[in-house]
Amino acid sequence: MLQNFEGVKAFTGKTEAESAVAYRKGDILLSNIRPYLKKLWIADKDGSCSPDVLVFRPDTTKVLPEFLYYSLRRDDFIEFIMHNAGTKGIKMPRGNKEEIPNYSIALPSFVRQSQLTTEIMEYEKKISEARKIMLSCPLRKQAVLDEYLS
């Protein structure tokens with residue numbers, strides 16, 4: 001899982017884990033080791049993860065998985081884990097698994113949840129496009145420097 005709510009990248013190594021936790025598409029995964037790193041992901045497929053990852057399975061009769069994900073993908077949620085839910089450990093703090101589910105979110109109608117999720121996803125797409133442009137700029141700048149100033 002990547003920091004700062006950036007999702008996941010494929011794991012290509014081997015694991016020595018003795019156990020794993022199953023998750024399903026639509027589940028929300030939170031790395032419980034050093035929660036301040038903001039490792040949160042909504043699963044786009046079924047799989048398994050380390051027991052140090054908390055798996056939240058949304059009750060889809062009450063909340064859209066994407067809405068719950070965006071409700072948790074906030075600094076306020078991380079602050080709750082770090083300060084209100086009680087972390088354990090100093091060097092490698094872990095969130096309190098019993099208290100984290102007590103975090104409350106606003107729960108508008110399904111129609112409103114869908115509207116808000118769609119709006120947020122549009123912004124996410126724009127942010128992703130802007131990042132791609134920003135990442136390509138240093139190379140493009142260097143190409144101009146090399147072509148005209150060498």
Side-chain angles (χ1 to χ4, degrees), residues 1-139 141:
M1 295 180 75
L2 302 173
Q3 296 181 32
N4 297 313
F5 309 119
E6 291 294 325
V8 296
K9 67 177 181 177
F11 179 70
T12 57
K14 291 188 176 186
T15 181
E16 295 181 23
E18 295 180 14
S19 64
V21 176
Y23 63 83
R24 296 191 306 224
K25 182 177 180 177
D27 286 351
I28 297 153
L29 284 67
L30 170 69
S31 177
N32 198 34
I33 297 176
R34 297 186 294 176
Y36 58 84
L37 293 177
K38 304 176 186 177
K39 295 182 178 184
L40 185 76
W41 176 59
I42 183 168
D44 58 5
K45 60 187 170 228
D46 295 351
S48 62
C49 60
S50 161
D52 288 321
V53 174
L54 304 180
V55 177
F56 300 105
R57 183 156 294 140
D59 178 349
T60 55
T61 65
K62 296 178 182 175
V63 65
L64 297 172
E66 297 81 3
F67 181 81
L68 179 58
Y69 169 72
Y70 285 119
S71 295
L72 299 179
R73 189 182 163 180
R74 301 173 49 237
D75 288 337
D76 185 62
F77 176 57
I78 302 302
E79 289 295 317
F80 173 82
I81 295 170
M82 295 301 298
H83 301 289
N84 299 59
T87 56
K88 299 172 186 167
I90 295 173
K91 187 174 181 181
M92 298 280 278
R94 285 175 162 74
N96 183 327
K97 292 179 182 182
E98 288 76 39
E99 287 297 320
I100 292 172
N102 292 330
Y103 181 76
S104 63
I105 62 168
L107 206 55
S109 70
F110 274 107
V111 170
R112 187 66 180 138
Q113 288 179 43
S114 181
Q115 290 169 338
L116 291 167
T117 299
T118 299
E119 185 176 350
I120 292 167
M121 290 171 80
E122 288 173 10
Y123 282 115
E124 288 288 330
K125 184 178 177 185
K126 289 178 183 179
I127 291 167
S128 178
E129 291 168 358
R131 279 193 179 123
K132 286 178 186 175
I133 291 169
M134 290 173 58
L135 287 172
S136 70
C137 283
L139 292 173
K141 174 184 146 188

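We count residues from 1, following the sequence as given.
- Looking at every heavy atom in both residues, Phe67 comes nearest to Pro108 through CZ-CD, 3.5 Å.
- Taking OG1 of Thr118 as the reference point, atom CD of Gln115 lies at 8.0 Å (rounded to 0.5 Å).
- When side chains are defined from C-beta on, Tyr69 does not count as touching Pro58, because their heavy atoms never get closer than 4.5 Å.
- In this structure the side chain of Leu2 never reaches within 4.5 angstrom of the side chain of Trp41, judged on heavy atoms.
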- Message: Go through it in stages, so that I can follow the logic: the residues are Leu72 and Leu30, the test is side-chain contact (heavy atoms from CB on, under 4.5 Å), and I'd like the CA-CA distance, side-chain angles, deciding distance and then a yes or no.
- Response: CA-CA 10 Å; Leu72 299 179; Leu30 170 69; over 6 Å; no
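- Of all the heavy atoms in Pro35 and Met82, the pair that sits closest is CG-SD, 3.7 Å.
- Judged purely by atom type and a 3.5 angstrom limit, Asn32 has no side-chain atom pairing as donor or acceptor with the backbone of Arg94.
- Residues Ile81 and Gly95 approach most closely at CG2-CA, 3.9 Å, considering heavy atoms.
- When all heavy atoms are compared, the tightest approach of Met1 to Leu29 is CE-O, 3.3 Å.
- Although no hydrogens or angles enter the test, the distance criterion places no donor-acceptor pair under 3.5 Å between the side chain of Glu99 and the main chain of Phe80.
- Looking at every heavy atom in both residues, Lys45 comes nearest to Tyr23 through O-CE1, 3.2 Å.
- Atom CZ of Arg24 is surrounded by 12 or fewer heavy atoms from other residues, nucleotides or ligands within 6.0 Å.
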- So Ser31 and Leu37, side-chain contact (heavy atoms from CB on, under 4.5 Å) or not? Walk me through it. CA-CA 9 Å; Ser31 177; Leu37 293 177; over 6 Å; no
- Task: Please assess Tyr70 against Leu64 for the test side-chain contact (heavy atoms from CB on, under 4.5 Å), listing each intermediate value before the final yes or no.
- Result: CA-CA 10 Å; Tyr70 285 119; Leu64 297 172; over 6 Å; no
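- Of all heavy-atom pairs between Ile28 and Pro65, the closest is CD1-O, 3.6 Å.
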